[in-house]
Amino acid sequence: ASLLETDFEHRYIFANPLLKDVLLEKMDPETKEDLCDQIASYLQTSDENEEKVLYYLGRGSNPNACEHLLELFEIQRLHCDYFEAKKTLEEVLNRFASGNPKLEKKVCCLLGELCNEAENPKEAQSWLERSLTIEGEATWHAKAFEQQGASFDQQGKLDEAKQAYQTAL
């Protein structure tokens, strides 16, 4: 089996989309950023779909890379592509949240919310508990308690859900 194939426009594409992620993970950060910048630049001029462009813009050296990844996350979430949305938020967390507790709190809360949407309340609890341990905006703190309530509710833990919802208020 070949790693690359050609699409209907005679462009090379990966035979399996996971290969792209594996190859990018194996690259040193500088090479990865340079390659992603080049790919994003090409895709922007070739009328490619917004998701692909944001994927590469967010992984390049672009000063707005974090915002591009958060925008990509919202698109993936709207499409109910929870697996990719989670990977995108984890990329934000790993690349941009170190030393930025405000962003870390927000991303952990979004990961908890996403896990609730994907009906994975136990993982949601883990992300939400992490979010609650980080100093940051009161709105994200309240959101984390609200999502904790939803998570407890999904698990049938109604007393804990009630307590979390009351704390959110």
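Each residue takes its place number in the sequence, starting with 1.
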At what distance, to the nearest 0.5 angstrom, does [atom1] of [X] lie from [atom2] of [Y]?
X: Leu114; Y: Cys109; atom1: CG; atom2: SG; answer: 11.5 Å
X: Leu57; Y: Ser41; atom1: CG; atom2: OG; answer: 9.0 Å
X: Leu43; Y: Glu51; atom1: CG; atom2: CD; answer: 12.5 Å
X: Tyr55; Y: Cys36; atom1: OH; atom2: SG; answer: 6.5 Å
X: Glu137; Y: Lys106; atom1: CD; atom2: NZ; answer: 8.5 Å

**Report entry** side chain to side chain contact (heavy atoms under 4.5 Å, CB included) between Gln155 and Glu160, intermediate numbers included
**Finding:** CA-CA 10 Å; Gln155 297 175 70; Glu160 290 98 328; over 6 Å; no
Query - More than 12 heavy atoms from other groups under 6.0 Å of CD on Gln166 - result: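 Count over threshold, so yes.
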Query raised in the report: Is it true that atom NZ of Lys102 has more than 12 heavy atoms of other residues, nucleotides or ligands lying nearer than 6.0 Å?
Result: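 No, NZ of Lys102 has 12 or fewer neighbouring heavy atoms, counting only those of other groups under 6.0 Å.
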Side-chain heavy atoms of [X] within contact of [Y], under 4.5 Å:
X: Leu54; Y: Leu69; result: no
X: His79; Y: Ile75; result: yes
X: Glu91; Y: Arg59; result: yes
X: Leu72; Y: Gln76; result: yes
X: Val92; Y: Phe73; result: no
X: Glu25; Y: Val22; result: no

Do the side chains of [X] and [Y] join up, straight or via other hydrophobic residues, at under 4.5 Å, putting them in one cluster?
X: Tyr42; Y: Val53; value: yes
X: Tyr165; Y: Phe152; value: no
X: Leu128; Y: Leu110; value: no
X: Ile134; Y: Leu132; value: no

Query raised in the report: Just by distance, do the side chain of Lys105 and the backbone of Ser131 share a donor-acceptor pair under 3.5 Å?
Result: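 Here the side-chain-to-backbone pair exists.
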**Report entry** Side-chain (Asn94) to main-chain (Glu90) donor-acceptor, under 3.5 angstrom
**Finding:**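 A pair under 3.5 Å: yes.
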**Report entry** Full working for side chain to side chain contact (heavy atoms under 4.5 Å, CB included) between Gln147 and Ser151
**Finding:** CA-CA 6 Å; Gln147 286 301 313; Ser151 178; over 6 Å; no
**Report entry** Any residue meeting side-chain hydrogen bond (donor to acceptor under 3.5 Å, both in side chains) with Ser61, in chain and number order, not counting sequence neighbours
**Finding:**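 Counting only residues at least two positions away or on another chain, Ser61 forms a side-chain hydrogen bond (donor to acceptor under 3.5 Å, both in side chains) with Asp37.
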Query raised in the report: For Leu89 and Leu70, what are the C-alpha separation, side-chain angles and deciding distance, and is it a side chain to side chain contact (heavy atoms under 4.5 Å, CB included)?
Result: CA-CA 7 Å; Leu89 283 180; Leu70 290 171; 4.0 Å; yes
Query raised in the report: Given the rule in the side chain to side chain contact (heavy atoms under 4.5 Å, CB included) test, do Leu93 and Leu111 qualify, once you have shown the distances and angles that lead to the verdict?
Result: CA-CA 10 Å; Leu93 200 58; Leu111 279 160; 4.2 Å; yes
Flag for [Y]-[X]: side-chain donor and acceptor within less than 3.5 Å:
X: Gln125; Y: Gln148; answer: yes
X: Glu113; Y: Asn116; answer: no
X: Thr31; Y: Asp28; answer: yes

Query raised in the report: Is there any ring pair (Phe, Tyr, Trp, His ring centres under 6.0 Å) pair reaching into residues 93-141, and which pairs are they, with sequence neighbours excluded?
Result: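 Sorted result for residues 93-141: His141-Phe145.
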Query - Taking every non-hydrogen atom, the tightest pair across Glu67 and Pro63 - result: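 Shortest heavy-atom separation between Glu67 and Pro63 comes out as OE1-O, 4.1 Å.
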Does the pair [X]/[Y] count as a salt bridge with the N-to-O cut at 4.0 Å?
X: Arg77; Y: Glu84; value: no
X: Glu33; Y: Arg95; value: yes
X: Glu104; Y: Arg130; value: yes

